[in-house]
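To start, the structure itself, in structure tokens.
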Amino acid sequence: MSTRYNARTVEPKWQKIWEERGDFLTRDLAGGSGKPKYYVLEMFPYPSGRIHMGHVRNYTIGDAIARFRRARGYNVLHPMGWDAFGMPAENAAMEKSVHPKGWTYSNIAAMRTQLKSIGLAIDWSREFATCDPEYYGQEQALFLDLLEAGIVTRRKSMVNWDPVDNTVLANEQVIDGCGWRSGAPVERRELTQWFLKISDFADDLLDGLETLTRWPEKVRLMQKNWIGRSEGARVFFPIEGMRGEADNRLEVFTTRPDTLFGASFCAVSPHHPLAQALAKDNPALHDFIRKCDRIGTSEEAIETAEKMGFDTGLTARHPFIEGKTLPVYVANFVLMEYGTGAIFACPAHDQRDFDFAKKYGLPIIPVVTPKDRAEDPAWGAALIAGTEAFTGDGVAVNSEFLNGLDVTAAKRAAIGKLEALGLGEGTINYRLRDWGISRQRYWGCPIPVIHCEACGTVPVPRAQLPVVLPDDVTFDQPGNPLDRHPTWKNVACPECGSPARRETDTFDTFVDSSWYFARFTAPAATTPTDKEAADRWLPVDQYIGGVEHAILHLLYARFFTRAMHRTGHLSVDEPFAGLFTQGMVNHETYRDEDGRWVPPEEVVIETVDGKRVAKHAGTGAPIRIGSIEKMSKSKKNTIDPEDIIAKYGADTARWFMLSDSPPDRDVQWSDQGAEGAWRFTQRLWRMVSGARGQLAPGGAAMPAAFGEEAMALRRAAHQALAAAGDDFDNLRFNRAVARVYELANAIAGFAPANPEGDDAKWALREALETIVQIVGPMMPHLAEECWETLGHETPLTATEWPVADKALLVEDSVTIAVQVNGKRRDELTIARDADRETVERAALALDKVEKAIDGKPVRKIIVVPGKIVNIVA
RNA sequence: GCGGACGUGGUGAAAUGGUAGACACAAGGGACUUAAAAUCCCUUUCGGGUAACCGAGUGUGGGUUCGAGUCCCACCGUCCGCACCA
């Protein structure tokens with residue numbers, strides 16, 4: 001028997017056995033398997049060509065869950081696919097002259113091989129890529145259903161425009177306001193685009209969050225804030241000084257109608273119709289708007305840009321104060337997409353308004369004060385002189401009929417008055433905007449619509465689906481190849497037959513990922529879903545992915561599920577019953593003396609005088625050890641999982657990923673950590689393979705009695721089993737790993753009085769089998785090899801999770817801490833079921849306790865059974 | 001700018017409001033070995049003390065509580081998202 005565990009031969013061996021046995025193919029008989037279903041899904045990867053450590057972490061977590069649930073008797077669905085459309089394929093096409101299709105599919109092939117080498121318990125028979133016409137054709141069919149259901153609309157919206165490359169840029173392609181390739185300042189342009197009406201579902205998406213009890217609280221909160229339901233008012237400000245129409249009024253949305261008496265100006269977005277109309281014969285305003293348009297379209301860019309305003313010369317009449325008018329500005333910080341694209345500003349009680357007022361010398365009128373400062377004129381003066389607006393709760397002042405009311409009551413009163421005057425109304429506004437899904441790109445799902453001059457926009461007839469992407473395209477110039485393709489877009493109108501034009505925009509790739517989890521339940525169906533299969537499997541019981549998807553992807557998927565429910569494809573509203581967001585994988589960074597990043601494999605680290613010192617492996621030049629950061633190509637601090645798997649095996653990588661760091665927190669990859677994980681694989685193997693002669697035969701009857709050491713080992717095994725099962729249930733793999741170490745230490749330290757006794761041999765077998773079974777979901781190859789070595793013919797993968805003996809989980813006596821005045825002074829070992837009085841007496845009898853009490857009268861004794869005694873003296 | 005999270009030894013961390021530092025990594029010492037690797041054993045929060053022991057300690061400052069790493073308030077720092085990256 002070899003004492004060394006060789007992952008290189010063992011891992012492929014078991015992968016082959018699992019595949020041949022079909023262990024991970026989901027039994028999906030229509031009649032049901034008799035087992036409860038469990039659908040575990042990790043966010044599917046973008047096929048960049050190589051897996052990275054983040055993938056290893058994500059898929060290891062999901063795999064451990066899948067294997068654990070399978071062992072616990074669930075019928076598990078654990079599929080895999082590819083989020084295969086998107087910009088990187090087009091960038092590769094431009095840079096390397098490869099076709100996006102060939103590039104993507106060869107990447108998928110490479111990554112599939114890599115993923116398989118991790119030993120994932122995946123049903124590969126369900127695999128698909130979103131760029132398969134079989135998939136995106138069904139997506140087009142879905143879109144037509146949504147169109148019919150009134151969930152789709154078409155309207156104008158802004159894009160980033162690169163005036164040199166003549167192409168639309170993604171936000172990430174805009175760097176400091178300039179195009180990433182051309183370097184030219186980006187402009188905003190208006191295009192007519194397709195939208196999904198997610199905002200119609202705003203309330204439903206908000207309410208649904210309450211039901212997602214197995215989602216992280218932070219994600220639910222982020223979504224809630226993103227949807228941003230706010231109650232407020234529309235206020236109509238009559239406009240003066242506008243030529244022409246007499247009934248001109250500016251409609252603003254505000255969440256603070258209670259501060260109307262503190263209004264000092266109104267402001268509209270540069271894209272507000274009023275601003276656009278005025279700009280037509282006001283060149284200065286036109287220039288100002290163009291200046292605003294040089295900021296990108298992202299909210300971040302707009303909100304961090306310096307606040308700029310342009311006085312239109314118009315004035316708005318105050319709804320409450322007779323004769324008072326407010327100047328109307330065009331301001332770059334007002335978003336056209338939020339509310340009505342126009343605001344009234346109360347600088348005293350809104351920070352942005354405050355900053356703007358200070359910059360342009362506009363009045364600051366405090367109208368809300370903290371409750372105890374209402375009579376204090378100095379408070380208002382300090383506010384005006386200071387740098388910060390007061391946005392807290394308080395009472396209204398200087399506000400006529402609102403005076404003395406708190407914020408909530410004042411809002412209500414102000415709305416009532418507005419409604420009575422016909423100058424406004426209470427309303428609910430959402431921050432959530434409709435989802436623009438048009439992309440002016442080739443490598444995406446074609447939008448199945450035809451534009452006809454006579455008939456308008458006409459859906460592609462279903463019989464003609466899928467609208468397949470043409471292969472003969474070139475990427476030698478920027479812009480959308482579909483648009484300049486010589487023939488593809490020319491079609492006959494399905495309605496009138498006259499020459500028409502295909503829509504050349506493609507879908508946002510978020511559309512692809514908004515329903516793939518449903519498609520996995522019946523990946524070959526000739527309709528988007530097989531409803532029966534979808535109903536059987538959905539919702540996903542456990543979804544796992546990075547926090548970076550907390551809002552967009554997860555919100556879109558929730559919306560899409562509702563839309564698919566409404567169009568008859570699904571019966572559920574929520575796609576993911578359980579969500580887990582795992583942390584990132586980080587690594588130290590290294591730089592040479594010239595500040596260039598150096599990859600870890602070129603760095604040698606030594607310890608000199610207790611300090612870690614790095615030098616270059618080749619040249620010996622000194623290297624500076626930098627901060628720990630998310631693995632990224634730009635900082636060269638990546639570790640290739642393939643190298644790790646080749647060196648140590650997949651189980652070591654998996655074990656490392658699950659050890660130490662809680663899965664929802666970032667983990668730092670380190671060579672020492674990997675070495676440590678690898679050493680444990682060897683240790684476990686030695687433990688199992690070296691124990692042969694000291695084990696009871698497999699299946700031997702349990703002895704009637706156990707010696708003290710054997711009993712202690714049994715306790716350790718059952719306690720570890722129960723705790724690890726609990727940890728797996730709660731995805732606390734790092735704690736499960738600690739249980740395994742504890743049990744391993746107990747086994748290693750097992751020194752029975754009579755090692756040849758049946759009880760010792762039986763207990764040792766039990767402990768070894770238990771540790772192997774706990775390890776199974778985490779290091780499946782090693783566990784299988786150990787399981788086989790222990791004499792089992794059925795693979796561990798097909799073996800049920802053992803049940804812990806409850807009688808072995810509790811100890812007879814407990815150690816409890818004894819505090820005096822909240823300070824720990826001693827501890828006490830006492831019978832588990834000792835009553836309160838016994839515990840108190842024992843605690844008071846301790847020398848150290850007596851010393852600490854120091855003769856003072858005992859006022860109170862708190863006894864928490866099994867935990868602590870606190871004596872208050 | 002807005003929204004969200006996180007912060008505990010040299011390091012990763014553990015701890016239903018109840019003994020802070022389980023478990024591991026690193027480091028130091030020792031055993032085994034001709035030697036090395038591997039393995040095994042011991043020490044390891046900080047300060048004082050040979051020791052028993054004493055004092056301090058969970059980013060900072062307050063608060064609630066018999067008792068706070070955990071709950072509340074303010075601040076500091078780091079990270080994530082911001083609608084066309086996936």
Side-chain angles (χ1 to χ4, degrees), chain A residues 3-4 43 45-46 48 83 85-88 159-160 168-174 193 198 216-219 221-222 224-226 228 297-305 307 333 337 351-352 355 431-441 508-510 513 546-553 555-556 581 583-584 586 607 610-612 627 629-630 659-662 664-668 670 672-673 675-677 679-680 682-683 686 732 734-735 737-742 744-745 748 815-819 821-827 848 859-862 864 866-872:
Chain A
T3 55
R4 207 142 165 107
M43 290 179 185
Y46 179 80
S48 58
D83 189 13
F85 276 135
M87 287 202 312
V159 294
N160 299 306
V168 175
L169 296 176
N171 281 338
E172 71 153 12
Q173 296 173 320
V174 179
Q193 313 207 58
I198 188 172
E217 190 56 46
K218 62 173 174 181
V219 175
L221 189 56
M222 279 192 262
K224 185 180 171 209
N225 291 337
W226 185 263
T297 58
S298 78
E299 193 167 300
E300 183 189 6
I302 293 165
E303 294 223 23
T304 50
K307 289 173 187 58
F333 67 89
E337 292 83 8
Q351 192 59 43
R352 283 182 304 188
D355 296 342
R431 210 185 73 98
L432 181 67
R433 319 198 286 255
D434 280 338
W435 174 15
I437 52 168
S438 297
R439 297 291 180 272
Q440 296 70 41
R441 288 186 233 293
D508 176 7
T509 57
F510 273 126
S513 57
V547 241
E548 63 273 21
H549 296 291
I551 295 172
L552 292 182
H553 162 59
L555 193 63
Y556 291 150
T581 54
M584 295 180 305
N586 300 336
T607 304
K611 278 190 183 167
R612 297 174 70 239
S627 58
E629 306 211 33
K630 176 181 178 173
S659 308
D660 294 356
S661 290
D664 54 346
R665 236 191 268 182
D666 287 358
V667 66
Q668 190 201 340
S670 71
Q672 290 96 330
E675 287 276 349
R679 273 202 301 274
F680 182 71
Q682 299 298 330
R683 185 179 177 210
R686 269 198 315 277
R732 294 185 296 222
N734 55 317
R735 300 215 309 191
V737 166
R739 313 290 182 203
V740 168
Y741 280 118
E742 274 167 351
N745 291 342
T815 301
I816 60 179
V818 182
Q819 298 181 332
N821 293 332
K823 206 166 170 57
R824 181 181 170 279
R825 291 297 171 182
D826 204 351
E827 59 185 30
K848 287 177 189 167
R859 289 191 287 152
K860 195 174 174 186
I861 303 181
I862 290 124
V864 182
K867 293 280 184 188
I868 205 164
V869 178
N870 190 11
I871 298 163
V872 186

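In what follows, chains carry the letters A, B, and so on, assigned in the order in which the sequence lines appear, proteins first and then strands, with residues in each chain numbered from 1.
When all heavy atoms of A/Ile302 and A/Thr297 are compared, the pair lying nearest together is CD1-O, 3.9 Å. For the pair A/Pro88 and A/Tyr46, the tightest heavy-atom approach, listed with the atom from each and the gap, is CB-OH, 3.3 Å. Contact between A/His553 and A/Phe510 at its shortest, heavy atoms only, is CB-CE2, 3.7 Å. Across A/Val737 and A/Ser659, no two heavy atoms sit closer than the pair CG1-OG, 3.7 Å. Considering every non-hydrogen atom in both A/Val872 and A/Asn821, the closest pair reads CA-OD1, 3.4 Å. In plain terms, the two heavy atoms of A/Arg683 and A/Ala744 that are nearest each other are NH2-O, 3.9 Å.
Separating the CZ atom of A/Arg665 from the P atom of B/rU78 is a distance of 18 Å, rounded to the nearest angstrom. When the C1' atom of B/rU78 is taken as reference, atom CE of A/Met584 falls 11 Å away, rounded to whole Å. Distance A/Asn225 CG to B/rA83 C1': 15 Å, rounded to the nearest Å. As a whole-Å value, the separation of A/Asn745 CG from B/rC23 C1' is 8 Å. Put simply, CG on A/Asn734 is 10 Å from C1' on B/rC23, counting in whole angstrom units. In this structure, A/Met222 atom CE and B/rG3 atom C1' are separated by 8 Å, rounded to whole Å. Here the P atom of nucleotide B/rA86 and the NE2 atom of A/His553 are 13 Å apart, to the nearest Å. Between the P atom of B/rA22 and the CG atom of A/Asp660 lies a distance of 13 Å, rounded to the nearest Å.
Contact between the side-chain N/O atoms of A/Arg439 and the OP1/OP2 oxygens of B/rC84 is found at a separation under 4.0 Å. Here A/Asn171 reaches the OP1 or OP2 of B/rA83: one of its side-chain N or O atoms lies under 4.0 Å away. Taking side-chain N and O atoms only, A/Lys823 has no distance below 4.0 Å to OP1 or OP2 of B/rG55. Listed pair A/Ser298 / B/rC82 fails the phosphate criterion, with no side-chain N or O lying under 4.0 Å from OP1 or OP2. Within the 4.0 Å cut-off from OP1 or OP2 of B/rG12, not a single side-chain nitrogen or oxygen of A/Ser661 is found.
Pairing of B/rA37, defined by two Watson-Crick or G-U wobble distances under 3.5 Å, is not identified with any nucleotide. The partner of B/rU8 cannot be assigned: no Watson-Crick or G-U wobble pair with both contacts below 3.5 Å exists in any strand. Of the nucleotides present, B/rC80 is the one that pairs with B/rG3 by Watson-Crick or G-U wobble criteria, both distances under 3.5 Å. The partner of B/rG55 is B/rC46, by the rule that a Watson-Crick or G-U pair needs both atom distances under 3.5 Å. Here B/rA86 sits opposite no nucleotide as a Watson-Crick or G-U wobble pair (both hydrogen-bonding atom distances under 3.5 Å).
A salt bridge links A/Glu299 to A/Arg431: one of the charged nitrogens lies within less than 4.0 Å of a carboxylate oxygen.
B/rU60 and B/rA24 are spaced 29 Å apart, taking the P atom of each and rounding to whole Å. Here the separation of B/rG59 from B/rU8, taken at their C1' atoms, is 10 Å to the nearest Å. Nucleotides B/rA22 and B/rG12 are separated by 15 Å at their P atoms, to the nearest Å. Between B/rC71 and B/rA5, the two P atoms lie 12 Å apart (nearest whole Å). B/rC85 and B/rU16 are spaced 41 Å apart, taking the C1' atom of each and rounding to whole Å. Annotation: B/rA14 and B/rG7 have their C1' atoms spaced 16 Å apart (nearest Å). The gap from the C1' atom of B/rG18 to that of B/rG69 amounts to 13 Å, rounded to the nearest Å. Between B/rG62 and B/rG57, the two P atoms lie 12 Å apart (nearest whole Å).
Using a 4.0 Å heavy-atom distance criterion, A/Ile816 is classed as making no nucleic acid contact. At a threshold of 4.0 angstrom between heavy atoms, the contacts of A/Gln819 include nucleobase atoms, whether or not backbone atoms are also involved. Within the 4.0 angstrom heavy-atom criterion, base atoms lie near A/Thr815. As judged by a 4.0 angstrom heavy-atom cut-off over every strand, A/Val168 is placed among the base-contacting residues. Backbone-only engagement by A/Leu221 is indicated by non-hydrogen atom pairs under 4.0 Å involving sugar-phosphate atoms exclusively. Among the heavy atoms of the strands, none lies under 4.0 Å from A/Ser670. In this structure, A/Lys307 reaches neither bases nor backbone, as no heavy-atom distance under 4.0 Å exists between it and the strands shown. In this structure, A/Gln173 reaches neither bases nor backbone, as no heavy-atom distance under 4.0 Å exists between it and the strands shown. Counting non-hydrogen atoms under 4.0 angstrom, A/Val174 reaches nothing in the nucleic acid.
Checking B/rC40, B/rC66, B/rG4 against the side-chain heavy atoms of A/Val872 singles out B/rC66 as nearest. In the set B/rA86, B/rC66, B/rC84, B/rC66 carries the atom at the smallest distance from any side-chain atom of A/Asn870. Considering only side-chain atoms of A/Glu548, the nucleotide from B/rC82, B/rG81, B/rU16 that sits closest is B/rG81. When the nucleotides B/rG12, B/rC84, B/rA26 are ranked by their closest atom to the side chain of A/Arg679, B/rA26 comes out on top. For A/Phe510, taking side-chain heavy atoms from C-beta onward, the closest of the listed nucleotides B/rA83, B/rC40, B/rA86 is B/rA86. If you check B/rU39, B/rA5, B/rC85 against the side chain of A/Met87, the one that comes closest is B/rC85. The listed nucleotides are B/rA14, B/rA83, B/rA86; the one nearest the side chain of A/Arg431 is B/rA83. For A/Asp508, counting side-chain heavy atoms from C-beta on, the closest listed nucleotide (B/rA83, B/rG18, B/rC84) is B/rC84. Proximity note for A/Ala738 (side chain, C-beta onward) versus B/rG4, B/rC23, B/rA86: the nearest is B/rC23. Of the candidate nucleotides B/rG4, B/rC84, B/rG81, B/rG81 has the atom lying nearest to any side-chain atom of A/Ile551.
Glycosidic conformation of B/rG9: syn, with the torsion inside 90° of 0.
Not a single donor-acceptor pair, N or O on each side, falls under 3.5 Å between the base of B/rC25 and the side chain of A/Gln672. No donor-acceptor contact under 3.5 Å links the side chain of A/Glu303 to the base of B/rC82. You'll find a donor-acceptor pair under 3.5 Å spanning the side chain of A/Gln193 and the base of B/rC84, going by distance alone.
Mapping A/Arg825 and A/Ile871 onto RNA chain B via the closest heavy atom, the residue that lands nearer the 5' end is A/Arg825. Along RNA chain B, the nucleotide nearest A/Gly86 and the nucleotide nearest A/Arg433 are compared for position; the residue whose nucleotide lies closer to the 5' end is A/Arg433.
Residues A/Asp664 and A/Thr581 bring no donor and acceptor atom of their side chains to less than 3.5 Å of each other. If you check the side chains of A/Asp83 and A/Ser513, you find no donor sitting under 3.5 Å from an acceptor.
A donor-acceptor pair under 3.5 Å links the side-chain atoms of A/Asn870 to the main chain of A/Gly822, judged by distance alone.
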